[in-house]
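Since the structure comes first, as structure tokens, the remarks are kept for the end.
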There are 2 protein chains.
Amino acid sequence: MVTKGRTGQPTLEEVAALAGVGRGTVSRVINNSPRVKDTTRHLVEQAIAQLGYIPNRAARALAGSRSDAVALVIPETEKRFFAEPYFSDIVHGVGDGLADTDLQLLLTLVRTEKERQRFLQYARARRIDGVLLVSLHDSDPLPDLLAGMEMPTVLSGRRSGDESVSYVDSDNVGGARAAVHHLSVSGRRRIATITGPLDMYVAQCRLRGYEEAVRDSPGGPRPAWIAHGDFTEESGRRAMSQLLERHPDLDAVFAASDVMAVGALHTLRAAGRRIPEEVAVVGFDDSPIARHTDPQLTSVRQPVEEMGRTMARVLLASISDGASAWQHVVLRTELVRRASG
Amino acid sequence: MVTKGRTGQPTLEEVAALAGVGRGTVSRVINNSPRVKDTTRHLVEQAIAQLGYIPNRAARALAGSRSDAVALVIPETEKRFFAEPYFSDIVHGVGDGLADTDLQLLLTLVRTEKERQRFLQYARARRIDGVLLVSLHDSDPLPDLLAGMEMPTVLSGRRSGDESVSYVDSDNVGGARAAVHHLSVSGRRRIATITGPLDMYVAQCRLRGYEEAVRDSPGGPRPAWIAHGDFTEESGRRAMSQLLERHPDLDAVFAASDVMAVGALHTLRAAGRRIPEEVAVVGFDDSPIARHTDPQLTSVRQPVEEMGRTMARVLLASISDGASAWQHVVLRTELVRRASG
DNA sequence: CCAACCACTGGGAGCGCTCCCATGCACGCG
DNA sequence: CGCGTGCATGGGAGCGCTCCCAGTGGTTGG
């Protein structure tokens with residue numbers, strides 16, 4: 001078994017005794033209640049420092065019926081997100097945003113239906129004060145279930161049309177538009193796209209950006225040449241093959257992710273096309289592989305760590321506000337120009 | 001503030017009432033104590049199922065003076081580890097290994113001295129039952145400090161010579177030896193290496209493997225051609241330049257990480273060497289970029305997710321055994337042959 | 001001069017569990 | 001038949017905190 005008994009940690013009671021005040025007062029000082037005289041506060045703070053007192057989290061949680069923890073839920077259906085540093089960036093950002101609170105960050109992998117049920121039980125039992133959800137599919141019922149139990153929740157990468165939830169997102173439409181516009185102004189006239197899985201909002205947005213840019217392109221609207229992928233490299237290859245077959249004269253491709261762009265590069269090279277001379281390629285995400293392809297990949301950068309930080313901030317707000325309002329934050333994306341297009 | 005008051009969750013007391021037994025008995029059932037009659041146990045289990053009872057973690061932690069949580073500590077000094085999927089694989093493995101326990105996984109980023117102090121306080125206050133440490137430098141005092149407070153700890157990537165701690169590691173020496181041996185038997189005679197930062201045990205091990213393989217190589221011992229890097233791509237470039245200058249006739253390079261190997265590839269290509277015809281290149285880690293280089297990179301794979309799983313297992317054991325023994329697990333590595341050498 | 005009011009403060013009553021001692025009961029032995 | 005012995009069980013006593021109510025002492029106004 002686990003080591004039992006006193007850990008030698010000082011308690012509230014001991015701090016109170018040393019400071020010559022009551023338990024309640026010390027509690028008030030710790031929780032920043034304004035109803036404490038300044039002189040008393042100093043006294044207590046001194047005692048806390050002297051004893052090296054650290055509040056017992058379990059006791060606080062029990063007495064206050066909260067948990068001092070938030071969960072970062074990762075639906076493991078999307079392995080691809082891990083092949084990119086997306087995940088660790090998010091974690092860093094969130095960690096950063098939570099750094100000067102007392103909230104613990106719980107990592108919750110939801111890979112199977114069983115794990116999902118287990119997580120929901122956790123949530124229902126209020127073992128967590130809030131939830132951060134990343135990489136969600138449109139069809140995922142998690143947000144609604146969490147809303148149903150009045151659990152503060154923040155999504156990254158919202159779902160289509162659903163505004164009754166807080167989310168932090170990057171400007172996928174704008175990013176895609178910028179990418180295609182860039183291709184357009186650099187003289188490309190026959191621009192195709194490889195989409196992500198269209199049951200994901202990000203994929204829909206990037207497609208929309210492409211379509212808007214193609215429609216509004218200098219020199220009048222042009223047809224949209226679309227092939228579908230699922231964010232994997234293999235799907236990028238396949239989609240590129242389809243595109244080459246249908247439109248052998250294409251001179252540019254916008255892929256909705258770098259990983260698919262890499263697949264497209266391979267197919268293009270195998271087909272003997274020179275990049276970027278004959279075909280320009282632009283990706284999305286600006287993941288590290290973008291710098292390791294040959295030629296290096298032009299891509300749309302999203303501020304992932306910043307997104308994590310913002311998610312934490314929004315969640316903190318909705319925990320303390322009691323979810324009185326939804327917050328939607330959309331962060332700017334940026335085109336990073338490299339050699340591929 | 002957070003929602004207060006009853007969460008509607010049933011309590012031990014209520015389960016006991018429904019089952020017609022006492023609190024103690026229900027507690028015993030939940031904790032798998034053998035001192036309960038089977039008929040009673042069934043009764044209680046039924047009541048638990050009927051009410052959908054979930055034990056209150058905070059109350060358990062408080063009453064039992066433990067915390068039901070383990071920390072995965074990531075010293076953020078090594079950003080590079082995140083550029084590879086190492087981190088997410090570890091997290092997955094650990095999550096997996098913890099899946100059917102009640103332990104929470106706390107993600108703890110230790111980026112600054114302040115965060116380090118804060119983490120130590122947590123540990124000292126027994127807010128965690130155990131610690132998993134990854135990506136440690138030799139000089140890091142964390143393991144000793146944790147040992148000093150009798151905190152169960154498992155490292156991944158041990159430190160040099162220190163056996164008085166549990167660790168899970170992959171066979172870096174063997175992997176490096178295999179890589180170099182492979183170069184050797186495929187006819188390479190002038191094999192250089194680019195090391196990692198030698199204050200890290202993994203880097204030392206990979207260098208040792210190289211040296212052993214070079215010494216024992218078919219056709220008699222050969223000189224060791226060594227340049228030092230720090231696991232970054234830039235350092236790989238630089239080290240490769242040095243090597244080319246010192247040994248223009250080299251015909252193979254073993255880089256202690258894929259990222260450095262990528263740097264080496266760039267330098268070699270810039271110097272006009274054909275790969276693998278003139279110079280063979282082998283990396284380490286088998287990270288995704290290994291498949292995105294041109295030519296694709298031969299590399300040594302370590303079972304990272306398996307390492308995470310094993311770390312969890314070892315930690316669980318040492319939590320329940322009260323750290324009576326150190327466990328050392330070394331997992332096999334595997335050479336993945338691709339086009340580069 | 002007393003009532004009314006205020007800003008602070010002390011400490012009782014739990015939160016839901018685990019630990020552990022006391023109790024009850026059935027059994028077996030002298 | 002009386003008394004240990006041992007297992008199964010009930011429930012008291014906290015764990016360290018927060019919440020909240022009942023003071024305490026000082027101030028103001030009638």
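In the text below, chain A, chain B and the rest are named by the order of the sequence lines, each starting its count at 1.
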Subject >> Between P of D/dG16 and CZ of B/Arg127, the distance in whole Å >> reply: 14 Å
Original post:
How many Å lie between CD on A/Glu14 and P on D/dC15, as a whole number?
Top reply: 11 Å
Original post:
Just by distance, with hydrogens left out, do B/Gln117 and B/Gln121 show a side-chain donor and acceptor under 3.5 Å apart?
Top reply: no
Subject >> Separation of D/dC15 P from A/Leu62 CG (nearest whole Å) >> reply: 13 Å
Subject >> Electrostatic pair B/Arg309-B/Asp96, nearest N-O below 4.0 angstrom >> reply: yes
Original post:
For the atom pair CG (A/Leu98) and CZ (A/Arg313), what is the distance rounded to the nearest 0.5 Å?
Top reply: 13.0 Å
Subject >> Euclidean distance, atom CZ of residue A/Arg66 to atom P of D/dG16 [Å, nearest integer] >> reply: 17 Å
Original post:
Do any of residues 15-30 of chain B sit with a heavy atom less than 4.0 Å from DNA chain D, and if so which?
Top reply: B/Gly20, B/Val21, B/Gly22, B/Arg23, B/Gly24, B/Thr25, B/Arg28
Subject >> Axial bend angle, the helix from C/dC1-D/dG30 to C/dG30-D/dC1: five-pair end segments, nearest 10° >> reply: 60°
Original post:
Got a sec, which residues hit side-chain contact (heavy atoms from CB on, under 4.5 Å) with A/Arg28, two or more places apart in sequence or on another chain?
Top reply: A/Thr25, A/Ser33, A/Val36
Original post:
If you round to the nearest 0.5 Å, how far is CD1 of A/Ile48 from CD of A/Glu14?
Top reply: 12.5 Å
**OP:** Within residues 33-57 of chain B, find the residues that approach DNA chain D with a heavy atom at under 4.0 Å, and present them sorted by residue number.
**Re:** B/Arg35, B/Val36, B/Lys37, B/Thr40
Original post:
Any salt bridge between B/Asp100 and A/Lys114, counting N to O under 4.0 Å?
Top reply: no
Subject >> Distance in angstrom units between A/Glu13 CD and C/dG10 C1', rounded >> reply: 11 Å
**OP:** Kindly compute the distance separating CG (A/Leu315) from CD (A/Gln327), expressed to the nearest 0.5 Å.
**Re:** 10.5 Å
Original post:
Do B/Arg118 and B/Glu115 sit within salt-bridge range, that is, some charged N less than 4.0 Å from a carboxylate O?
Top reply: no
Original post:
Rounding to a whole Å, what distance do you find between B/Arg60:CZ and C/dC15:P?
Top reply: 19 Å
Original post:
Starting at CG of A/Leu12 and ending at P of D/dC15, how long is that distance when rounded to a whole Å?
Top reply: 13 Å
Original post:
Among all residues two or more places apart in sequence or in another chain, which pass the side-chain contact (heavy atoms from CB on, under 4.5 Å) test with B/Gln50?
Top reply: B/Leu18
Subject >> Smallest separation among heavy atoms of B/Val29 and B/Glu45, with atom names >> reply: CG1-CG, 4.2 Å
Original post:
Sequence neighbours excluded, which residues qualify as side-chain contact (heavy atoms from CB on, under 4.5 Å) partners of A/Arg57?
Top reply: A/Asp68, A/Asp102, A/Gln104, B/Tyr122, B/Arg127
